Amino acid sequence: MQNQVTREQMIQSIRRAEPVFFRNTPQPHLVLGHMGAKAGVNPAGPADAADRMKRAQGLLTQLFPDCSFAGSPGRIESPLRALKGRASLLVKCDGELPIAGSIKARGGIHEVLCHAEEIAQTAGIIEPGDDLLQLSKSKTRRLFAEHEICVGSTGNLGLSIGITARALGFRAVIHMSRDAKQWKKDLLRSHGAQVVEHEGDFSTAVRVGRAASAASTRSYFVDDENSTRLLYGYAAAAPPLRQQLAEHGVYPSADHPLCVYLPCGVGGGPAGIAYGLALEFGADAVESYTVEPTQAPALLLSVLEQRYEGLHVSDYGLTLRTDADGLAVGSASVLAGPIIGALCSGLYTESDEAMQTYLQQIYASDGLRLELSAAAGLGGPARRTQIEGLRTPAAQIAWLTGGGLLPEDEFQRLLA
Ligand SMILES: Cc1ncc(COP(=O)(O)O)c(C=O)c1O
């Protein structure tokens, strides 16, 4: 069983691109409470993000008339569903998030709003805490048009940042890694964003984008490898989840925790969700697990090696080739890595073939249309049962992180 596998043996399996499951020992005190400052996070951050998103509802309704959740216009939230096919599993349908159709809507829209709010405050257009509806006025849009927002992405963060930035009137420059799907680039261009295509991987797209942005005055770089604004946007998912769980009769506790399976790329999304859940329910009442492709286990290797900077999966002979474009990341975020190491109960990998099976199964049983990255967590409960001595969960959630904007022909290709 798992406990008999040494760290060295696990690294050998990872090198051979075999699916592995690492049971981690969480150390939540390293990021919660006063230690949070050392880890670079502030427990007030997620509530501040939630407040900003609330103040942005009028603005988002104006910019995106279709944006709403559960009858609440301008709200960026997604449903928690029970599956027809598998009663024991709940799914959090972030592919249904408005505007960007993926988990990246949470962090990306939040960071663009932070930046827009900052510019408008500096210009004396709004005061701290104001409703953000004023940011849609033509005078403010003219001001934003003088500014650029730039990001490096495998696709979905680019969509989230690019679509929101353009809607507010900013110039948007999106550096896309070689893994990014053509339809995501086309969609961004249709919104008037400039797409810069790279031959290199995600880390390269981020590095080049960061340097290009730094060389330009009035360019703001959304740094997926180190952004608290993104992280707090993801973390703001946790408080509404309490109510959603209650609607399913689920009340997580230290005896019966909530188990959550989170597809993981650079780590910001899963770190943010894990952090938000630990703040909301208490670290004892949650078990968060990350899942990465067998060819791109950046976070797993970082936690195993206790090395959160400078590690790349290619150092282990891995290719980074995966059809799960959102998870095709070779190096972990320096902010997210230690948070995942401190909060997650386990980190595991899946082959592309396994993810594809999950994608097909959930479409056949429940009609849910996912992209490959989004399906990664569906095998989590079965993988967890292989670990001995774990608590009986109050509920298990596979976080379905994207697929909302997937064109029909792309989805058919994935199904085939
Ligand atoms: C669909 C999907 N799921 C999960 C992730 C992982 O998020 P992160 O890179 O923040 O770990 C991404 C990243 O782009 C994604 O597009």
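Residue indices begin at 1 and follow the sequence shown. Just so you know, ligand 1 is whichever comes first in the structure, and atom 1 is the first atom listed for that ligand. Keep in mind it's a predicted model, so treat the numbers as computed, not measured.
At least one N/O-N/O distance between Lys104 and ligand 1 falls below 3.5 Å.
At the top of the distance list for atom 9 (O) of ligand 1, counting protein heavy atoms only, stands Val266 N, 2.9 Å. For atom 12 (C) of ligand 1, the closest non-hydrogen atom of the protein is Gly326 O, 3.6 Å. Protein heavy atom at the shortest distance from atom 2 (C) of ligand 1 is Thr401 OG1, 3.5 Å.
Taking the ring centroids of Tyr220 and Phe170, they lie at or beyond the 6.0 Å cut-off.
Within the 4.0 Å heavy-atom cutoff, Ser102 does not count among the residues contacting ligand 1. In this structure, Val329 has no heavy atom closer than 4.0 Å to ligand 1.
Taking all atoms of both residues into account, the shortest heavy-atom contact from Ile109 to Ser160 is N-OG, 3.5 Å.
Here Thr154 has side-chain heavy atoms under 4.0 Å from ligand 1, and that is the only part of it that gets that close. At a heavy-atom distance under 4.0 Å, only side-chain atoms of Asn156, from C-beta outward, approach ligand 1. Only the side chain of Leu327 comes within 4.0 Å of ligand 1, judged by heavy-atom distances.
Compare Gly265, Gly402, Ala100 by their heavy atoms: the one nearest to atom 6 (C) of ligand 1 is in Gly265.
The aromatic rings of Tyr289 and Tyr261 sit parallel, their planes meeting at an angle under 30°, below the 60° perpendicular limit.
Paired with Glu197 under the rule salt bridge (charged side-chain N to carboxylate O under 4.0 Å, His left out), one option of Arg178, Arg189, Lys181 passes, and it is Arg189.
Near Cys264, with a cut-off below 4.0 Å to any heavy atom, the atoms of ligand 1 are 11 (O).
Although no hydrogens or angles enter the test, the distance criterion places no donor-acceptor pair under 3.5 Å between the side chain of Asp325 and the main chain of Ser373.
Under 4.0 Å is where a charged nitrogen must lie from a carboxylate oxygen, and between Arg210 and Glu225 at least one such pair does.
Residues passing the side-chain hydrogen bond (donor to acceptor under 3.5 Å, both in side chains) test with Glu148, sequence neighbours excluded: Arg171, Ser219.
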